[in-house]
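Structure record follows, encoded as structure tokens.
One is the number of the first residue; the rest follow in order along the sequence. Given the structure is predicted, the values throughout are model-derived calculations rather than measurements.
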Amino acid sequence: GREDFLSATWTPLSYLSVQPWVILNYIRLLIAPFGQSIDHFILPPANNADLLKTFAGWLGISAILFTVWKHTRKNTAVSSIILFTAGWFFLNLVPTSSILPINDAMAERRLYVPGWSYALAVTALLYFWTDGHSQRFRVLTFTLVTLYLSLITAFTIRRNYIYTTPIRLWQETIALYPTNFRAHNNLANLYADRKEFAPAIDEYLAAIKIHPRYASAHSNLALVLCETKDYPRALEYSMKAAALNPRRADPCNVMGRVYAEQARYKESELAYLKGIELDPQNISANAGLGLLYYQTKKLPQAAQIYERLLSVEPLHLEAVNNLGLTYYELKNYPKSLEYFERAVELAPHMPAAYINIGNIYLDMKKYDLALTNYTRAAELSPSNAMIQFNQGLVYLAEKKPDEALTRFQKAAALNPGYVEAYFQMGEIFLVRKDYTQSLQNFEKVLKADPSDPYVKRKVEYLKELALRH
């Protein structure tokens, strides 16, 4: 059956056998451009229907070549045009439609140069066709040509609509070639990029059903299942992908991510290391391993991995930012600042970079610089409670409790569950001897963590003070 040939590679003979049928389709597309596709799914002949099409292709091409040869014997202007345009058309197709196999047996882009001969032939033949005829005949010919061009225009308008989104292109391809597993996979990739995971999963499964040994679909499906937190199935399909193509790093990356999400850190590390062994410059493998080391507090190893990744991909924003975080955890503030400033250069509108720079300056007690960066972050993200809280910490360090209190109150308003903000407000009100307000804030902290001994003592102490006053 056809599925037996899905993973078959073209041989010179099988590739040549389908090319007459392909060329007939090229000619049809030039004359009437319907049935266009971004991926014509032409496979080696696998059944009687395929063999019949192959025979029809050879028969059709033979008829065309015989007609050209017959006309060239007349040695007229028309025969010269036919010979030249036919020669131009076929010779330009020789590199892609002969015995030299290419992954795609048919591709519309290969008509760009050969197709010029069709336009030349039609224009010249129309001239000779109408020359010497009556005005009425010429008007009739002009009318027919106008109708034909109108039809071509309609096809073009429809094609432009299809081209407005890649999703339509692949949906059209699947409609023409339902067993095109590459089209199902590519459509699924587009859905996944748009975070539309349900249709993405359906299309990956369709590709796998058509071609069970299609490693890319297994690997991509595993990644999407990981995004949906379906870790058991993600692991299942990533392992299948690795078995189908042991030389690919992508399945290892998915396994590394799944193991990390399941807190199986050693297995995650081994999976990422395997991916790097297969492809030392693989971005996902290095980024995943770097994040794993950072999360498991193996900070020197994380810094080494991220440095290596950035030597390959200097503009990798996540790696730049995470390396800054790694050096921050290592208390290497100059290096941390270097990478956070690079993150700002790469993404000037990313609040996190300014927050991180502000954190460094806060730790270094450079409060003006800290506040400047927090303010910039707040401009970019006005509803971010953490930024307001951090500004409050700066004012608190500068002995400005009123300004600090305002920021903590705003943080709590933006995020009613912000326990740290209530804690700081409780401390400020306690210093002010506003025991009622202090108690209210510490009780909110205690409600979030009833086992905190420090806060429990504070609440008990404040209740006693409330009774006295």
Side-chain angles (χ1 to χ4, degrees), residues 257 260-261 272 283-284 286-398 400 403-404 406-415 417-424:
R257 181 175 170 184
E261 293 287 352
Y272 282 129
I283 302 299
S284 297
N286 283 281
L289 184 59
L291 182 61
L292 176 69
Y293 284 148
Y294 175 77
Q295 292 174 334
T296 55
K297 302 302 179 183
K298 296 181 178 180
L299 300 176
Q301 295 95 318
Q304 181 182 4
I305 293 295
Y306 281 130
E307 292 277 10
R308 182 172 66 191
L309 171 55
L310 290 175
S311 69
V312 176
E313 184 56 62
L315 303 182
H316 196 288
L317 179 59
E318 181 184 346
V320 170
N321 189 68
N322 287 355
L323 185 53
L325 290 171
T326 301
Y327 280 125
Y328 178 76
E329 294 286 336
L330 289 167
K331 306 298 182 185
N332 188 338
Y333 294 141
K335 292 288 286 185
S336 180
L337 199 58
E338 173 190 341
Y339 284 101
F340 286 142
E341 287 175 346
R342 191 189 297 184
V344 168
E345 292 175 6
L346 293 174
H349 301 294
M350 183 176 75
Y354 296 100
I355 295 171
N356 292 329
I357 293 173
N359 292 343
I360 293 173
Y361 285 130
L362 178 60
D363 285 358
M364 295 173 69
K365 303 188 187 308
K366 296 183 178 182
Y367 301 125
D368 289 344
L369 291 173
L371 195 58
T372 297
N373 282 277
Y374 288 143
T375 301
R376 177 59 179 146
E379 291 170 356
L380 294 170
S381 182
S383 60
N384 189 315
M386 184 179 67
I387 298 172
Q388 301 297 327
F389 179 79
N390 288 0
Q391 287 179 314
L393 293 179
V394 174
Y395 286 126
L396 204 60
E398 290 183 321
K400 298 177 180 179
E403 290 89 338
T406 300
R407 297 300 176 182
F408 294 140
Q409 288 172 332
K410 190 169 183 180
L414 290 169
N415 180 6
Y418 208 142
V419 176
E420 292 86 350
Y422 295 118
F423 181 90
Q424 294 296 343

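When the side chain to side chain donor-acceptor pair (under 3.5 Å) test is applied to Glu398, no partner is found at least two apart in sequence or on another chain. Residues satisfying the salt bridge (charged side-chain N to carboxylate O under 4.0 Å, His left out) criterion with Lys298, sequence neighbours excluded, are Glu269. The side chain to side chain contact (heavy atoms under 4.5 Å, CB included) search around Ser381 returns Pro351, Asn384, Ile387, not counting sequence neighbours.
Tyr361 places none of its side-chain heavy atoms less than 4.5 Å from the side chain of Asp368. Proximity of Met364 to Leu362: side-chain heavy atoms (C-beta onward) are nowhere separated by under 4.5 Å. Asn321 places a side-chain heavy atom less than 4.5 Å from the side chain of Met350. Side chains of Leu393 and Gln424 form a contact here, defined as non-hydrogen atoms less than 4.5 Å apart.
What you find for Leu346 and Pro314 is that their closest heavy atoms are CD1-O, 4.4 Å. Nearest approach of Ser336 to Gly324, heavy atoms of both residues: OG-O, 2.7 Å. Minimum heavy-atom separation, Val344 to Ala353: CG2-CB, 3.5 Å. When all heavy atoms are compared, the tightest approach of Leu309 to Ala319 is CD2-CB, 3.5 Å. Residues Tyr272 and Ser284 approach most closely at CE2-O, 4.4 Å, considering heavy atoms. The two atoms that bring Pro300 and Leu330 nearest to each other are CD-CD2, 4.4 Å, heavy atoms only.
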Checklist line | Intermediate values then yes/no, side-chain contact (heavy atoms from CB on, under 4.5 Å), Asn359 and Phe340 | finding: CA-CA 11 Å; Asn359 292 343; Phe340 286 142; over 6 Å; no

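Taking the six-membered ring wherever Trp is involved, the centroid distance between the rings of Tyr354 and Tyr374 does not fall below 6.0 Å.
Atom CD of Gln409 has more than 12 neighbouring heavy atoms from other residues, nucleotides or ligands inside a 6.0 Å radius.
Rounded to the nearest 0.5 angstrom, Leu310 CG and Leu317 CG are separated by 10.0 Å. For the atom pair CD of Glu403 and OH of Tyr395, the computed distance is 6.5 Å after rounding to the nearest 0.5 Å. The CG atom of Leu299 lies 11.5 Å from the CG atom of Asn332; values are rounded to the nearest 0.5 Å. Separating the NZ atom in Lys366 from the OG1 atom in Thr372 is a distance of 12.5 Å, to the nearest 0.5 Å. Taking CD1 of Ile283 as the reference point, atom NE2 of His316 lies at 6.0 Å (rounded to 0.5 Å). In this structure, CD in Glu307 is found 5.0 Å from CG in Leu323, a value given to the nearest 0.5 Å.
A donor-acceptor pair shorter than 3.5 Å cannot be found between the side chains of Tyr306 and Glu318.
Judged by distance alone, with hydrogens and angles left aside, the side-chain atoms of Thr375 form a donor-acceptor pair with the main-chain N or O of Leu371 at under 3.5 Å. Judged by distance alone, the side chain of Asn356 and the main-chain N or O of Ala352 form a donor-acceptor pair under 3.5 Å.
A tilted orientation is assigned to the rings of Tyr328 and Tyr333, their planes being inclined by 30° to 60°.
Taking 4.0 Å as the cut-off between side-chain N and carboxylate O, Glu345 and Arg342 do not count as a salt-bridged pair.
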